[in-house]
Amino acid sequence: MSINCAAVDRLIDSMSFTQKVGQLNQRLLGWKSVERNAAGRLVASDELKQEIDRWGGLGTLYGLLRADPWSGQHWGNGIRPEERTEAIAVVQQTVLERGAHGIGVLLSEEAPHGHQALGGTVLPTNLGLGATFDPQGVQEAEAAVAAELAASGIHIALVSGLDIARDPRWGRCEECFGEDPLMAARMCEAIVTGMQGEHRSKVGHGGVAVVLKHLAAQGEAVGGRNGQSAVLGPHDLHEIHLPPVAAGVRAGALGFMAAYNDIDSVPCCANPWLLKDYLRDQLGFDGIVMADGLAVDRLEDMAGSIPAAGRAALLAGVDVSLWDEGFTRLEEYADDEQVVAAVDTALRRVLELKAMFGLLPEDGADTAVIAMPSADAIAQATADGREQAKRMAREAITLINDGQSAATLDDIRSVIADAQAGPVIVAGPFADDFGCFLGDYTAPLPADEQSSVYRQLVARLGEDRVLLAAKPSDAPADQWARASTVVFVCGSTSERSYDSEFDDNGAAKAVTEYGATCGEGVDLSDIRLPWRQDDMLGEVAALTTAPIVSVAVCGRAHVLTDVLERSAVTIWAGYAGQYGPQAVADVLVDGADMSGRLPVTLPAYPAAIPVRYNDRQSAAHVYKDAAEPILRGFGYGAGSLAAVTFSEMHADTQSHPGEVLVQVTAHADDHGAAGAVNLFAHVSGGRRIPRLAMLVDSVYMDLNAGERRDIAFHVPCDRLRDVGDGQVQVTCTLDGDSTHTVTATLPGEY
């Protein structure tokens, strides 16, 4: 829908200052805006009515459909999929009837890895999606999520993607696409294009507006402590943390969420350079900036008061609040010319976004005419989303160890397929667990849609063949002696219970002994597997001579040193989403390929962190008690591409001005292969210490059996050059394999 600028101007002129401020507020928690009457029907709550009356309308409503332990919404009291139309209608009609200008309300929902609502699609968390190295696949998956949101009457999707996993102690690593800025940038572009369409073509037409979070450098927080200071200079800020932001703007993102942390003492929510000079003036961003939940109020110590905190955030470039009181106190600055002008600027952006969704009254009309959700469209979109979730779960599975002992994965598959072989014992704390695969920001799923690795193997091999031993003592000694294979399911979980304690922004506050070990609010000082799982695996290994397949379900780069040493095969699954257990069983029983690659560096020791592939100095042989601190490097994957051979690699700096063209020929074996082929570069010659390596291009390919294909990597020279003069030497390496390396020279001064 085109924006009628004159109509927006008239609306702004017709509003009181209080009404304008009301359009910038997103204070009300959406699930509190409706309630059930005596007949069980959804009706507007008094809290919703009071909020509308206070402001003469409503700007944005957060989380109407959200369900999880923090909101307290579940299948017994929350809004079910078949009730979405009713809930949306109640809210929009109440806003139109009680509001002063006939303006509908923007509805925003959490969608960090699918829609956080009852019945919503659950994709792998971003760390799992990052393991796919497949931006096109992510784009298609996010398009399906957006279709579900749009069909449900939602306008704004709050989607993680900007954060970079720089320290595995940080609980929110699961929300990152990994430790690399280029892949994060491509994934953010995929999110925006999938959800909004090319050139925003789907916005208001089967798509939603994306608010990318979090801006910026939240993954750089000191000690991996959530929301704390990011201590880094402008060069590393631009090189590591801002590429996803720039990619989001290029793709047309309509929103960004300012983060909790400060950068060199300046809070992101009150950083005019970040939100204005860089985002708007340099990149040309024209959408809305939203604050993270209660982030504005957290400025009180800096600003001196809650009203001053609201003013500071507004003047720095925040357009829309989230749950805070600071923006509600902007009324106190009605005589402040700076505030008045900034309110009008922010209001225009909000109203222009509303116009894209038909939430403003047409010329001559008193109120907007808002299309209501379609139950059939919701059902179809949800079904499509489930198929995408299955596909992405399969792509996320990563083989990080094969044949550590005499048995290989192929050997183990043969044993599992042999009905006459001994029992398959599924062991470990997550052997029969479903929630561990889901990650934070996930709504509860119905019991009949829940599964586990144990249940999946029982379904395929039979109850007589598969035994469960969450603890080693759960199976008798003779069964351990007879076992043909042990599948040890280990890792961590972000699952919250409905009796958990939470901070006021929804982050985990108190974690029980066997509660969440990852996610927002669950930063850890020790990144070894929790609950003494390494010891448990040692007990298992002592009980049996059967080969062990370990499945690591992880939302951060846990130390898996003992797991690799004691397992014949190790599979890394990230948080693969609702179809994670099926994807694991597909690998073990059906022989499915594993195209995943590690999106983060796995450390070999708990205190030798952080280690990143693109650090400037190697950590090897630095610690006298941990000579080799890296267990598996970024991009490692011993799966389906392992049998692909490469030849005829060469670099061309002449035929394509402004870029280095690197070409190589790939040859598939008799089985074919799919997955990403990554090109890394090391640059020398300049005035900075170069990074050990940089991912400079990645090509996802699908080769048929026996196929031979030429692959071209296009590397912009700007990505290789740094401040300096003279020539730059670039050494390009294919997936860290020193046997496939070319060196090129970039001539001239720059």
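When a residue number appears, it is its place in the shown sequence, counting from 1.
Distance check: Leu182 CG to Leu695 CG gives 5.0 Å after rounding to the nearest 0.5 Å. Rounding to the nearest 0.5 Å places CG of Leu360 at 11.5 Å from OG1 of Thr367. Note that CD1 of Ile306 and CD of Glu300 are 4.0 Å apart. Values are rounded to the nearest 0.5 Å. Rounding to the nearest 0.5 Å gives a distance of 11.5 Å between CG of Leu275 and CG of Leu315.
Taking the side chain as every heavy atom from C-beta outward, Leu96 and His101 never approach each other to under 4.5 Å. Residues Leu359 and Gln92 are in side-chain contact: their nearest non-hydrogen atoms beyond the backbone lie under 4.5 Å apart. For the pair Val318/Val320, no side-chain contact is recorded, criterion being any heavy-atom separation below 4.5 Å from C-beta on. Side-chain contact between Arg200 and Leu254: present, with at least one pair of heavy atoms (C-beta onward) separated by less than 4.5 Å. Side-chain contact between Ile79 and Gln73: absent, with no pair of heavy atoms (C-beta onward) separated by less than 4.5 Å.
The closest donor-acceptor contact from the side chain of Arg84 to the backbone of Pro373 lies at 3.5 Å or more, if one exists at all. With Asp336 contributing its side chain and Val339 its backbone, the two residues share a donor-acceptor pair below 3.5 Å. For the pair Gln196 (side chain) and Gly252 (backbone), a donor-acceptor distance under 3.5 Å is present. At distances below 3.5 Å, not a single donor-acceptor pair connects side-chain atoms of Ser201 with backbone N or O atoms of Gly197. Between the side chain of Arg496 and the backbone N or O of Ser494, at least one donor-acceptor pair lies under 3.5 Å. Between the side chain of Asp324 and the main chain of Phe327, a donor-acceptor pair closer than 3.5 Å is present. At distances below 3.5 Å, not a single donor-acceptor pair connects side-chain atoms of Ser229 with backbone N or O atoms of Val231. Although no hydrogens or angles enter the test, the distance criterion places no donor-acceptor pair under 3.5 Å between the side chain of Asp292 and the main chain of Ala295. Checking side-chain atoms of Thr132 against main-chain N and O of Asp134 turns up a donor-acceptor pair under 3.5 Å. Side-chain atoms of Asp523 come within 3.5 Å of backbone atoms of Asn226 as a donor-acceptor pair (strictly under, hydrogens ignored).
For Asp236 and Arg691, the salt-bridge test passes: some basic side-chain N is under 4.0 Å from an acidic carboxylate O. Taking a cutoff of 4.0 Å between a charged side-chain nitrogen and a carboxylate oxygen, Arg172 and Asp440 do not qualify as a salt bridge. Contact check on Glu189 versus Arg186 returns no salt bridge, with no Lys/Arg side-chain nitrogen under 4.0 Å from an Asp/Glu carboxylate oxygen. A salt bridge links Arg349 to Asp319: at least one charged side-chain nitrogen sits closer than 4.0 Å to a carboxylate oxygen. We find that Asp281 and Lys276 are not joined by a salt bridge, their nearest charged nitrogen and carboxylate oxygen being 4.0 Å or further apart.
At a cut-off of 3.5 Å, with distance as the only test, a side-chain donor of Thr18 or Glu331 sits close to an acceptor on the other residue. A side-chain N or O of Thr328 and one of Glu325 form a donor-acceptor pair less than 3.5 Å apart. Donor-acceptor pairing under 3.5 Å is lacking for the side chains of Ser265 and Asp262. Side-chain atoms of Gln136 and Glu140 include a donor-acceptor pair closer than 3.5 Å. Asn261 and Gln228 share no side-chain donor-acceptor pair at under 3.5 Å.
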### Query
Should Thr193 and Glu198 be marked as a side chain to side chain donor-acceptor pair (under 3.5 Å) after you check the CA-CA gap, both sets of side-chain angles, and the distance that decides it?
CA-CA 5 Å; Thr193 305; Glu198 296 277 356; 5.0 Å; no
### Task
May I have the step-by-step check of side chain to side chain donor-acceptor pair (under 3.5 Å) for Gln23 and Gln19, ending in yes or no?
CA-CA 7 Å; Gln23 289 293 316; Gln19 291 167 349; over 6 Å; no
#### Entry: Check against side chain to side chain donor-acceptor pair (under 3.5 Å), Glu520 and Tyr441
CA-CA 9 Å; Glu520 186 173 8; Tyr441 286 91; 2.6 Å; yes
### Message
With side chain to side chain donor-acceptor pair (under 3.5 Å) as the criterion, how do Asn614 and Arg166 come out once you've worked through the C-alpha distance, each side chain's angles and the decisive distance to 0.1 Å?
### Response
CA-CA 10 Å; Asn614 53 6; Arg166 300 289 288 171; 3.1 Å; yes
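The side-chain tip of Arg298 points at the ring of Tyr260 from less than 6.0 angstrom away and within 45° of straight on.
With Glu51 as reference, Arg27 is the one residue of Arg27, Lys32, Arg98 to meet the salt bridge (charged side-chain N to carboxylate O under 4.0 Å, His left out) rule. Of the candidates Gln26, Glu110, Glu109, Glu110 is the only one forming a side chain to side chain donor-acceptor pair (under 3.5 Å) with Tyr62. Here the options are His214, Lys213, His241, the test is side chain to side chain donor-acceptor pair (under 3.5 Å), and the partner is Asp163; only His214 passes.
Screening residues 126-169 for ring-ring contact (aromatic ring centres under 6.0 Å, His included), with sequence neighbours left out, gives Phe133-Phe634, His155-Phe357.
Annotation: Tyr278 is in aromatic contact with His238 [ring centroid separation under 6.0 Å].
Surrounding CG of Asp335 are at most 12 heavy atoms belonging to other residues, nucleotides or ligands under 6.0 Å away.
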